[in-house]
Amino acid sequence: MAEDYTPMWKGLGLNIENHCKLLDVLMEAYPKLYMSQQNRPAGMGYFDFVVSEAHGLRIKELQAHKAAGGKVVGTFCVYVPEEIILAAGGICVGLCAGTDFSAKEAEAVLPPNLCPLIKSAVGFKVGKLCPYFESSDLIVGETTCDGKKKAWEVLGKYHPMHVMELPHTKSEAARSLWRTEVFRIKERMEHLAGVKITADGLKAAIALVNGKRAALARLNRLRQANPAPISGKDALLVEQIAFYDDVRRFTAKVNELCDELEQRVKDGVGVFPKETPRLVISGSPMALPNWKVHHVVETSGAVVVGEESCVGSRYFTDAVAEPGDSVESMLDAISRRYLRVNCACFTPNTDRIGQIIEMARNAGAAGVIHYALTFCTPYTVESMGVRDALDKARIPLLMIETDYGMGDAAQIKTRVEAFREQLAAR
Ligand code: BJ8
C-alpha cells in the first residue's frame, strides 16, 4: 500500500489486529494466484493496483466523498439499483465477501450451516474487519434467498439497513410490487442524502452504469476468441472490482484493457494454447476474493471463458432502456431492467437455463461447470434443471458444490482433470 492507513482504519473502528491478519492473508494469496500467470495483459496492472489498495486508497476516496457531504451505500445483490444511489450523489459498494476468514465471528451470531457468502459478509461486520461496511451510511439488503433475508434481521442490529422486498415470480402483481420497491428506495436515498433526485441526475446515472455494463460485456465478447486473450481468473477479478471501484474510472480502465485484448485477438495472441478446453462457470456468485474454482480450473489444463453469475453476466447483460424525460419513467425503466435478471430465487427461472446454453455456445465452450456454494438451496436445486437441459443440448456438465475453505481444492482438481479428459475424448 502506498501509505500507512492505520489511523484511518482506527477512525473507522476496525479491529486493527484482526484486520491486519486479514490483509496479510490476502496479500500473501494474491501474488501466488495472480502474478504467477503467464502473459497477462498489461492492462491488468490497474486491477492489481486496485486490489493492493482495496482497503487503502479506495477507502480514502470514500471518506473524502463523505467529508464532502456524499453518502456511501453498501449492497449485496445485483437487484439493488446502483443508478438511484448515484443519482442521489451516493457511492454504491458491494459488501458480499468471499473468504472464510470471518467465519468465526459470523458463527457467533448465525448458525454454522449457512451459505459462506452470507457468513463471510456478516462476519466482516460483527468482527469489524471491513472498511467498506464501516464506511457505509446505509446497507441495502433484499428478500432474495431465505438465508439472506433472515440474516438481514441479525445485521440490522449492527448497522442501519433498508431491505428491498424482492418478489419471487415475474407475474404482473410481482412487477407492481417491485416497482413500488424501486420508488421506495428512491425515497429512502433522497431522505438519506437530503437531496431530491432530478431527471437530469438520474439520466446521467443511468448512462454511467449502462457504460460500465457495456464495458464488461465488451470484455466478455473478447473472451470468446480462441485462443482466449485473457485468463478467466483475470476476467473474474475485473467483474469483482466492478462492485466497488469508481464507476467512471473503472469503465475507462476496462475499455483500455479491451483495446489491448482486441489487438491480441487480431494478432492471435492468447494466454493458453488454442486447443485448451474452454469452460463456462454458472451458478452462485463468486465475491472477492473467491478465486478458488477458477484457479483450480486454470491450473488443471482448462480455461474459463465466461461466468453465468451475478459476478459475471447477470450483472452486465442488459442495459436500462434509454430513459424518458421524467424521473418516474426512468424509475419504471430501472424497475423493468432489474426484474429481467434471472436469479435462482425466482420461480420459475427457466430463462437462466437458456442463457447458460447461449453463453456456452457463443464462447465455444466444451463444457459447463455448475458452481453452487454449500447451503445455497436456490442454485443447488436449480442445478437439476440445468443438468437436464444441458444433457438435451449435449453440453457436458460438471457439478461442484463447495465453500470458501481450501480443504477440498485437491479433490475439485481431480474432478476437473477427469472432466477435461472426458471432454478431450469426445
Ligand atoms: S441476484 S444470486 S446476488 S441473491 S449464494 S446468498 S442465493 S444461499 S448471492 Fe445472489 Fe442477488 Fe440472486 Fe445474485 Fe443465497 Fe445462494 Fe448464498 Fe446467494
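As the structure lists them, so they are numbered: ligands from 1, and atoms in each ligand from 1. Values in this document were obtained by computation on a predicted structure and should not be read as measured data.
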Novice: What's the count of protein N, O or S atoms under 2.8 Å from atom 16 (Fe) of ligand 1?
Specialist: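 Excluding waters, the total comes to 1.
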
Novice: Before accepting this row, confirm whether a basic side-chain N of the pair E328/R179 lies closer than 4.0 Å to the acidic partner's carboxylate O.
Specialist: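 R179 and E328: salt-bridged.
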
Novice: Please list the nearest protein heavy atom to atom 11 (Fe) of ligand 1 with its residue and the distance rounded to 0.1 Å.
Specialist: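 Answer, as residue, atom name and distance: C77 SG, 2.3 Å.
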
Novice: Just do the side-chain contact (heavy atoms from CB on, under 4.5 Å) check on F250 and F47 with the steps written out, would you?
Specialist: CA-CA 9 Å; F250 174 83; F47 301 96; 3.8 Å; yes

Novice: Any atoms of ligand 1 less than 4.0 Å from a non-hydrogen atom of T144? List them with their elements.
Specialist: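 In order of number, 4 (S).
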
Novice: Check K212, E307, E239 against Y315 for a side chain to side chain donor-acceptor pair (under 3.5 Å) and give me the one that passes.
Specialist: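 One option only clears the test, and that one is K212.
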
Novice: Does K233 count as lying over the ring of Y34, i.e. NZ or CZ under 6.0 Å from the six-ring centre, within 45 degrees of the axis?
Specialist: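 So K233 does make the cation-pi contact.
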
Novice: Just need the protein heavy atom nearest to atom 13 (Fe) of ligand 1, so name the residue and atom and give the distance.
Specialist: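 Scanning the protein heavy atoms, the shortest distance from atom 13 (Fe) of ligand 1 goes to C310 SG, 2.2 Å.
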
Novice: Ring-plane angle category for F76 and F133, please: parallel below 30°, perpendicular beyond 60°, tilted otherwise.
Specialist: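 Ring orientation of F76 relative to F133: tilted.
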
Novice: From atom 13 (Fe) of ligand 1 out to just under 2.8 Å, does an N/O/S atom of C345 turn up?
Specialist: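 Not a single backbone or side-chain N, O or S atom of C345 is under 2.8 Å from atom 13 (Fe) of ligand 1.
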
Novice: I'd like to check which ligand 1 atoms, numbered from 1 as shown, lie under 4.0 Å from a non-hydrogen atom of Y79.
Specialist: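 Near Y79, the atoms of ligand 1 are 1 (S).
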
Novice: Among all protein heavy atoms, pick out the one at the shortest distance from atom 12 (Fe) of ligand 1; state its residue, atom name and that distance to 0.1 Å.
Specialist: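 Minimum-distance protein heavy atom for atom 12 (Fe) of ligand 1 reads C343 SG, 2.3 Å.
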
Novice: Inspect the contact between E181 and R184 and indicate whether a charged nitrogen and a carboxylate oxygen are less than 4.0 angstrom apart.
Specialist: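 Yes, this pair counts.
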
Novice: Please determine if K150 and E153 form a salt bridge, counting it only when a charged side-chain N lies under 4.0 Å from a carboxylate O.
Specialist: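 Salt bridge present between K150 and E153.
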
Novice: What's the shortest heavy-atom distance between C145 and P378, and which atoms?
Specialist: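 Shortest heavy-atom contact: CB-CG, 4.0 Å.
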
Novice: Is any NZ, NE, NH1 or NH2 atom of the basic residue among E262 and R218 found under 4.0 Å from an Asp or Glu carboxylate oxygen of the other?
Specialist: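 Answer for the salt bridge query: yes.
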
